[in-house]
Amino acid sequence: MHSTTTKSQRSGGVIECYREFLPVLPTTPIISLGEGNTPLIYSPRLSERVGRGCEVFVKNEGTNPTGSFKDRGMTVAVSKAIERGTTALICASTGNTSASAAAYAARAGISCAVILPAGKIATGKLLQAFAYGARIVPIDGNFDDALRIVGKLGETGDFSIVNSINPDRIAGQKTAAFEIVDELGDAPVFHLLPVGNAGNITAYWAGYREYLAHERSTKLPATIGFQAAGAAPIFYDRIIDKPETRASAIRIGNPASWKQARAAIVESRGAIDMVSDDEILAAQSWLAQHEGIFVEPASAASIAGLFKCCDSDDAAYSFEKIPGGSRIVCTVTGHGLKDPDVVIQRMKELKPVAATVTDVRRAIKL
Ligand code: F0G
């Protein structure tokens, strides 16, 4: 039988899948690496933890081509940039945006400059930007400083900005909400996710609302965002001049989409909360060792947040009286291999033993 599937459809990608919801024209050149279509994994143990017959699913965005959710937005932003004749991209980043921008620029055959807080980018992410051939400029400043500089450089017309202040990024990222609704058959009752620059919470909320408007779903989820305790400007409702957290991806003191995030939280009757670095790292280990899902620290903020909603008296949102049978989705945003440093510290205890069956058997300790 003759197949009508084109090459680009076979390689997938969020534009091919959700074209009607995205700002692309039939003539837009599509720059894709097959992003999206990420697993929504049912977690029996997290479901048990919540209780009352609730079902918890983990949306694992670490399986995207460059290992984070940024690729969904980047395919749209870079395709539109190429349509407009751009020859160079620019972004500020805590790491993942730079890795994604660098990859899609390489794919499109254009240049990419990435402005990064020096010494604060996880090893794997910096390595990615380097491998994909980006111009890397570390600055003596934090992400907020980098974004301010990028905003100014964007005004010169020499570069297309591909941070989430570019609406094409948000448009692409809302496809994660579409996928969740398509798979579950409706929106979940709760959606939990980490918050940094606040683009992703903005994008999910836009996606859920758009699907409701198109009658693809019957409800909207209460959206609960989690910031790191040392970098929680939205939670405290004030700019944090010197944000600090081991979850370097969300080390942001003045999020660009602050207002939109607030709107998402208020309109959805959700909440913004914060989790400590210890809670984040404990949740990262827990998820790897109990569900086989290895995520970077920032991603584990949604899981740490779920635990907080279940266990803590001072959670911004308590699951104590959660409606029975509620479906909860936690987005985990980036792959664990991007940020190996914390785990490497714990691996120091590994010592070789003699190459004999007896010694190896003893060392297994099982
Ligand atoms: N999780 C990860 C792994 C991230 O890299 C980011 C943001 C977030 C969560 C927060 O998402 O900013 O949309 O609220 N990383 C950006 C970057 C800032 O430069 O890679 P957000």
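Note that the structure is a prediction, hence the values are computed from the model and not measured. Just so you know, ligand 1 is whichever comes first in the structure, and atom 1 is the first atom listed for that ligand. Side-chain atoms are counted along with the backbone in the values below, which use heavy atoms only and exclude waters and symmetry mates.
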(request) List for me each residue that meets ring pair (Phe, Tyr, Trp, His ring centres under 6.0 Å) alongside Phe235, sequence neighbours excluded, and say none if there are none. (result) none
(request) Provide, to 0.1 Å, the distance between atom 10 (C) of ligand 1 and the closest protein heavy atom, together with that atom's residue and name. (result) Gly196 N, 3.5 Å
(message) For atom 4 (C) of ligand 1, what is the closest protein heavy atom, and at what distance to 0.1 Å?
(response) Ala249 CB, 3.5 Å
(message) Out of all atoms in ligand 1, which are within 4.0 Å of some heavy atom of Ile252? Include the element for each.
(response) 18 (C)
(request) Could you list the atoms of ligand 1 found under 4.0 angstrom from a heavy atom of Thr97? (result) 16 (C), 17 (C), 19 (O), 20 (O)
(request) If you have a sec, work out which protein heavy atom is nearest atom 15 (N) of ligand 1 and how many Å separate them, to one decimal? (result) Lys70 NZ, 2.8 Å
(request) Using a strict cut-off of 4.0 Å, indicate which atoms of ligand 1 neighbour a heavy atom of Asn96. (result) 2 (C), 3 (C), 4 (C), 5 (O), 20 (O)
(request) Give the atoms of ligand 1, by number and element, whose distance to some non-hydrogen atom of Gly199 is under 4.0 Å. (result) 13 (O), 14 (O), 21 (P)
(request) Could you tell me which atoms of ligand 1, counted from 1 in the order shown, lie closer than 4.0 angstrom to a heavy atom of Phe69? (result) 1 (N), 2 (C), 4 (C), 6 (C), 8 (C), 9 (C), 11 (O)
(request) Give the residue and atom name of whichever protein heavy atom lies nearest to atom 2 (C) of ligand 1, and the separation in Å to one decimal. (result) Thr333 OG1, 3.3 Å
(request) Check each atom of ligand 1 against the heavy atoms of Val195 and keep those under 4.0 Å away; list them by number with element. (result) 14 (O)
(request) Please list, chain by chain and in numerical order, all residues satisfying ring pair (Phe, Tyr, Trp, His ring centres under 6.0 Å) with Phe130, sequence neighbours excluded. (result) none
(message) Assess whether a salt bridge exists between Glu210 and Lys174, defined as any Lys/Arg side-chain N lying under 4.0 Å from an Asp/Glu carboxylate O.
(response) yes
(message) Within the 4.0 Å heavy-atom shell around Thr94, which atoms of ligand 1 are there?
(response) 15 (N), 16 (C), 17 (C), 18 (C), 19 (O), 20 (O)
(request) Look at atom 8 (C) of ligand 1 and say which protein heavy atom is nearest, naming residue and atom and giving the distance to 0.1 Å. (result) Ile250 CG2, 3.6 Å
(request) Look at atom 13 (O) of ligand 1 and say which protein heavy atom is nearest, naming residue and atom and giving the distance to 0.1 Å. (result) Asn200 N, 2.7 Å
(request) With heavy atoms of Ser93 as the reference, note each atom of ligand 1 found under 4.0 Å away. (result) 17 (C), 19 (O), 20 (O)
(request) Over 60° means perpendicular and under 30° means parallel, so classify the ring planes of Phe178 and Tyr211, tilted if in between. (result) parallel
(request) Could you tell me the residue and atom name of the protein heavy atom closest to atom 12 (O) of ligand 1, and the distance to it rounded to 0.1 Å? (result) Asn197 N, 2.7 Å
